[in-house]
Amino acid sequence: MENMDKTYDPSFEKRIYEKWMKNKCFEAHVDPDKEPFTIVMPPPNITGQLHMGHALNQTVQDILIRFKRMCGYEALWIPGTDHASIATEVKIVEKMKEEGLSKEDVGREGFLERAWEWKKQYGGRIVEQMKGLGISCDWSREAFTMDENCSNAVLEAFVKYYKKGLIYRGSRIINWCPCCHTALSDAEVEYEEQKSNLWYYKYPVVGEDDAIVIATTRPETMLGDTAVAVNPKDPKMSRFIGKTVRLPLTDRTIPVIGDDYCEIGFGTGAVKITPAHDPNDFEVGLRHNLPVIQCIGEDGLMNENAGKYQGMDRLTARKAIVNDLTQLGLMVKIEPYSHNVGTCYRCGETVEALISKQWFVKMKPLAEPAIKAVKSKRTEFIPKRFEKTYFNWMENIKDWCISRQLWWGHRIPAYYCDDCGETVVSKTAPDKCPKCGGHMSQDEDVLDTWFSSALWPMSTLGFPKKTKALNYFYPTSVLVTAYDIIFFWVARMIFSGLEFMDDVPFSDVLIHGIVRDAQGRKMSKSLGNGIDPLEIIDKYGADALRFSLATGIAPGSDTRFTEGKIENCRNFVNKLWNASRFVIMNIKEGEKLEMPTRPTGADKWILTRLNDVIREVTVNLNKYEIGLAAARLYDFVWSEFCDWYIEMSKPALYSGDAKLHEHQIAMLVQVLTTILKLLHPFIPFITEEIYSKIYPDDILMLREWPSFNKHRVYRKEEGEYEGLRELIGAVRNLRNEMNVAPGKRISAYIATSDEKFMTSVAPYLDKLAGVGEIHFVADKSEVEGKYCAVVSRLAELFIPLGDLVDEKKEIERIKSEIAATEAVIAKAQGLLSNQNFIAKAPQKLVDGEQAKLDAALDKLEKLKDKLAAYEA
RNA sequence: GGAGGCAUGGCUCAGUUGGUUAGAGCACACGGUUCACAUCCGUGAGGUCACAGGUUCGAGUCCUGUUGCCUCCACCA
């Protein structure tokens, strides 16, 4: 048949992808006769290009979706990209900076034009990258978080939440990034440990010759202090309560209050309270009705409340204040101190706690059903331990700040009257104020990017429209994502789904790990250790990349990407290529390739093994144990199909007997095509390519998944051939140890209880162990001259090696085998003499031990005979 | 402070509900070029499964404790 190149070259991948696209293989449709299986892709940010994490994430999803599609589900995988409000805006601002432009220079309109241009460029590139990976998503449904339908979903959600009182606008203390110039949600703040100091200084008590020492890591916020708190139960400090202290560097005095927020025994026993710049202090301020004085502005600079420090940035002001306090003799001591500082997850700038008027989602009422949904297993996490993380977050959740002072994103559908200040929240802009008829202006801010992501499983299926697709495909089957966005995304999708669809967005959440570098470090831009999936695809092919990502992964665990692993997987793919090449080049014109009705012993062995593989791979894929499934296939294809079955097929193929040949090639084709199907979800390109060489008019990805066939399981033959493999291994070992030339064929005397079987496998002994000539004997007494013996459960082989036999070596070999056999006997006897074992262990195991013991005793006897013969 | 994970040959990892002699890849040693594949084939060496207890007929696997590494959450100034 058709020639295949000697070495696997993945350049056919593009052609195969086009074939799938042309045949609309990825498209799914509402089909009431079939059960849907749906995945929505976590939309990659349009900030740049795909990294290994995306490749892993998408490989996992593609494996699942291809598997389920072959299993007969109406399998829908919806692709898309995320506008990534803040992340993209940061990138665009950076790029504009290179041109010497700022956001203000180009204005809102101009900026948005640039953003859409960016989306077109990077979003398009990402799609091309995804196609290169071979993923089978339905591109006709490709979505973008800011396309028309997703935007409608956002409007619908915002307005509905607002009408229910679940969205409100208010002045609260929020996280502010002075660099991105926007509010952030709690989830968007990352804490990192920084070395700093703890400054101790005095606040003099008014009217007394006394002072309270406070300690702080942020002296610059003292200008916003409105109280000093001590614990009322603290015997040393409670006397200060009700007194007033002078706030140094200002002309203000502030009260000393009692509040158990101040912990006894910690620090100096007193803590300065700055409600405007610390969330805890803000709470204390509310309890004591303290004024709020903001001294740091949104630009990160000291403001008009900072007196002479006005205009300084935070760190400069800190130095100046420390200096001034020292000059005044108020500084007591400075200690080195490391503590966690909140930073912006996008730009890394230290975030500032500020009081600001923002929009919030009230979380408690939404969290409650979301917790219930997971507790009642409507949604399950795999692995389960992540449910704990989820509960912990949901149970301690605070209101979600959703407004961002950015331009790229969904503009908040709130309108304020220029005249009377009336607020209207509506999907469409009101022409005039319903109260006073004045002009209404839309809120300048946009929504947190995660607000739209939270609606993704619905909005991609048509929500807010009640589409047939939404009805059929929702709730989706499984969400596949890394553990780092459980809070950002997974949790928020769950409460949004429950709120708007009255149902969870997905039944399962499959959490995978992150891809690390060879040293186990996180791949990151700053370390420069990222590996570009595209380069790997260029060098090794997408299949090799996919297989290396799928091998050895376990739910929830990180994985390392190493050059060695990718090479190994490329070699595996090459192995499959060559095995297929062997099969295909041996197909003769006109041969029937259907499954033969009368399998031989070796056929029965491989069919039994194959059926076990089908069962295990299917079970593991259903359990999301992708790594186990991949490893099982790897081992089976390489060590059983290639190393044994193909080798065993050669005598028949080269026999010159046309009937034998046809039977053998049909078997090979049948086993191979089953293997291709099983491997297809993992390495779709090469399997499709090979399949097309056998069945040019067919498409593998649309074929049915193999099922376990109990009529093709032959345990007897399986056992016999496993025995044969052992025996051949033992002969090979002997040949090696005795330095028999690899090409040299040897003869053997065989003592066996099953002469018929041993006769039937004679060709294999010849081909695989170089035993060209066999003579059956009753026992060793019939063997003349020097020989070595191989004892196995099937037979005893006596191999005359003439002068090659080194008696001393042979005696050593026998002795070590006796020792090994005795160890087996000792263990089995130990177990079998233990009454508890007999009574409590499963019968199958007891029988197994007994059989093992009998075989070992028999073997030992023969070995001992042999040894005695030598030593005599 | 709270929660979770990991610890298996030189390296990277498998090992599912406890049950043969704990597996694989890489690396290593020895041997191999006609007949699919040197991106290959055969053989071999290498492990007290972190440590200490416990449960069990039986523990790499379950429980308790110890040590070391890692992650997430909280953020007490």
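All values below were derived from every heavy atom in this structure, side-chain atoms included, with hydrogens, water molecules and symmetry-related copies excluded. First the proteins, then the strands, lettered A, B, ... as listed; each starts at 1.
In this model, no side-chain donor or acceptor of Glu625(A) finds a partner on the base of A14(B) within 3.5 Å. Side-chain to base pairing of Lys827(A) with U20(B): no donor and acceptor N or O lie closer than 3.5 Å to each other. In the interface, the side chain of Lys6(A) is not paired with the base of C37(B) through any donor and acceptor atom under 3.5 Å apart. Between the side chain of Arg732(A) and the base of U43(B), no donor-acceptor pair under 3.5 Å is found. The base of C37(B) is not paired with the side chain of Asn574(A) by any donor and acceptor separated by under 3.5 Å.
Taking the nucleotide of RNA chain B with the nearest heavy atom to each of Glu849(A) and Tyr261(A), the more 5' of the two is matched to Glu849(A). Comparing Asn620(A) and Glu737(A) by the nucleotide of RNA chain B whose heavy atom lies nearest to each, the residue mapping closer to the 5' end is Asn620(A).
Within the nucleic acid shown, Asn392(A) comes within 4.0 Å of sugar-phosphate atoms alone, with no base atom in reach, counting heavy atoms only. Among the heavy atoms of the strands, none lies under 4.0 Å from Trp199(A). Residue Glu395(A) is classed as having no contact, given no heavy-atom separation below 4.0 Å to the nucleic acid. Among the heavy atoms of the strands lying under 4.0 Å from Lys575(A) is at least one base atom, whether or not backbone atoms are also near.
You'll find that the side chain of Pro842(A) is closest to G19(B), out of C75(B), G19(B), C41(B). Proximity note for Glu647(A) (side chain, C-beta onward) versus A36(B), C72(B), U21(B): the nearest is A36(B). Residue Asn568(A) has its side chain nearest to G25(B) when only G25(B), C13(B), G32(B) are considered. Relative to the side chain of Leu628(A), the nucleotides U16(B), A36(B), A24(B) differ in distance, and U16(B) lies closest. Distance from the side chain of Phe487(A) is smallest to C72(B) among C72(B), A36(B), C75(B). Of the listed nucleotides (A36(B), G42(B), C40(B)), G42(B) has the atom at the smallest distance from the side chain of Asn736(A).
Look at Lys623(A) and you won't find any side-chain N or O under 4.0 angstrom from OP1 or OP2 of U17(B). Checking the phosphate oxygens (OP1, OP2) of A36(B), a side-chain nitrogen or oxygen of Tyr654(A) falls inside 4.0 Å. Phosphate contact (OP1/OP2 of C13(B), side-chain N/O of Arg560(A), threshold under 4.0 Å): present.
Distance NZ (Lys650(A)) to P (C41(B)): 11 Å, rounded to an integer number of Å. The distance from atom CZ of Phe282(A) to atom P of A77(B) is 20 Å, rounded to the nearest whole Å. In this structure, Phe391(A) places its CZ atom 14 Å from P of G4(B), rounding to the nearest Å. Protein atom CZ of Phe636(A) is 17 Å distant from nucleotide atom C1' of A24(B), rounded to whole Å. Put simply, CD on Gln519(A) is 21 Å from P on C26(B), counting in whole angstrom units. When the P atom of G15(B) is taken as reference, atom OH of Tyr634(A) falls 17 Å away, rounded to whole Å.
Between Glu822(A) and Lys827(A) there is no salt bridge, since no side-chain nitrogen of the basic residue lies less than 4.0 Å from a carboxylate oxygen of the acidic one. By the 4.0 Å N-to-carboxylate-O rule, Lys539(A) lies too far from Glu567(A) to be salt-bridged with it.
Using Watson-Crick or G-U wobble geometry with both donor-acceptor distances under 3.5 Å, A52(B) finds its partner in U64(B).
Side chain to side chain, Glu616(A) and Asn620(A) fail the donor-acceptor criterion of an N or O pair below 3.5 Å.
Between the side chain of Asn392(A) and the main chain of Lys388(A), no donor-acceptor pair closer than 3.5 Å is present.
Residue pairs meeting the ring-ring contact (aromatic ring centres under 6.0 Å, His included) criterion with at least one member in residues 256-284 of chain A, sequence neighbours excluded, do not occur.
Annotation: cation-pi geometry satisfied between Arg732(A) and Trp644(A) (NZ/CZ under 6.0 angstrom from ring centroid, within 45° of ring axis).
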